[in-house]
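The structure under discussion appears below in the form of structure tokens.
Just so it is clear, the model here is predicted, and its values are computed rather than measured.
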Amino acid sequence: MSIKGRLKKYYTRVMDIPDAPVKVARGAATGLAMDFLPVPIIGIPIAYIIARVAGGNGLAAALTATFFKWAVPFFYMLNIATGSLIMGFNEYEHAGKAMHAAGLKPADWINYLSQFGYPFLVGAVINSFLAWLLLYFGVRKLMMVRQKRKGIIAQ
């Protein structure tokens with residue numbers, strides 16, 4: 001299945017969740033935000049739990065965290081760039097290593113990313129917060145418009 005088809009399938013599954021738009025948006029945003037943080041194996045269950053504790057939809061969080069797993073390497077590089085920019089760390093001297101690390105095993109990736117330490121973590125916090133805001137307001141608006149069009153009363 002193409003990426004476009006997967007995106008459409010994910011969109012339909014999340015938008016068809018029978019819950020308040022605010023809860024679904026909170027859950028979906030939490031799922032995406034968790035993909036920016038360095039929790040590679042347990043990110044999906046953690047996203048589900050955090051969404052439920054925060055009053056969001058756990059299913060939307062799990063679906064979103066699962067869907068965006070393909071983009072995690074891009075998110076991690078964005079974290080490094082953002083954290084380096086904020087902290088004044090020159091990550092460009094490590095760009096050659098990043099290209100070499102692309103073909104390595106997951107354990108090698110973790111070792112490589114651990115070299116960045118604080119810039120990576122600062123970038124992860126900033127990017128996950130910004131992604132949360134962007135997806136929350138986007139999904140909430142889309143769900144409200146969709147429910148209004150279908151004649152469903154939003155709570």
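Residues that satisfy the side-chain contact (heavy atoms from CB on, under 4.5 Å) test with Ala131, not counting sequence neighbours, are Leu32, Phe36. In this structure Tyr10 satisfies the ring-ring contact (aromatic ring centres under 6.0 Å, His included) test together with Phe67, sequence neighbours excluded. Arg13 is linked by a side-chain contact (heavy atoms from CB on, under 4.5 Å) to Lys9, Leu63, counting only residues two or more places apart in sequence or in another chain.
A distance of 9.5 Å separates CZ in Phe75 from NZ in Lys69, rounded to the nearest 0.5 Å. Here the CG atom belonging to Asn127 is positioned 3.5 Å from the OG1 atom belonging to Thr82, to the nearest 0.5 angstrom. Rounding to the nearest 0.5 Å gives a distance of 10.0 Å between CG of Leu7 and NZ of Lys4. In this structure, Thr12 OG1 and Asp16 CG are separated by 6.0 Å, a value rounded to the nearest 0.5 Å. If you take CG on Leu135 and CZ on Arg140, they are separated by 12.5 Å, rounding to the nearest 0.5 Å. Atom CG of Leu78 and atom CG of Leu130 lie 9.5 Å apart (nearest 0.5 Å).
Taken together through direct or relayed side-chain contacts under 4.5 Å among Ile, Leu, Val, Met, Phe, Trp and Tyr, Tyr118 and Ile126 form part of one hydrophobic cluster. Connection of Val22 to Leu133 is established within a shared hydrophobic cluster, with ILVMFWY side chains joined at heavy-atom distances below 4.5 Å, either directly or through further cluster members. Tracing side-chain contacts under 4.5 Å through hydrophobic residues (I, L, V, M, F, W, Y), one never reaches Ile44 starting from Val39; they form parts of separate clusters. By the rule that hydrophobic residues join a cluster once side-chain heavy atoms approach within less than 4.5 Å of another member, Met15 and Val145 end up as members of separate clusters. Note: the hydrophobic cluster containing Ile49 does not contain Ile42 (ILVMFWY, side chain heavy atoms under 4.5 Å, direct or indirect links).
The side chain to side chain contact (heavy atoms under 4.5 Å, CB included) test with Leu59 is passed by exactly one of Asp19, Ile17, Val14: Ile17.
The shortest heavy-atom contact between Gly55 and Lys23 is O-CG, 3.3 Å. When all heavy atoms of Asp35 and Tyr76 are compared, the pair lying nearest together is O-CE1, 3.8 Å. Contact detail for Ala61 and Ala47: the closest heavy-atom pair is CB-O, 3.5 Å. In terms of heavy atoms, Ala25 sits closest to Val139 at CA-CG1, 3.7 Å. Considering every non-hydrogen atom in both Pro38 and Leu121, the closest pair reads CG-CD2, 3.9 Å. Nearest heavy atoms, Met87 versus Val122: SD-CG2, 3.7 Å.
The 12-atom threshold is exceeded at OH of Tyr11, counting heavy atoms of other residues, nucleotides or ligands nearer than 6.0 Å.
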inquiry  = Let's go through Tyr48 and Thr30 carefully: what are the C-alpha distance in whole Å and the side-chain angles of both, what is the deciding distance for side chain to side chain contact (heavy atoms under 4.5 Å, CB included) to 0.1 Å, and is it a yes or a no?
reply    = CA-CA 8 Å; Tyr48 178 85; Thr30 301; over 6 Å; no

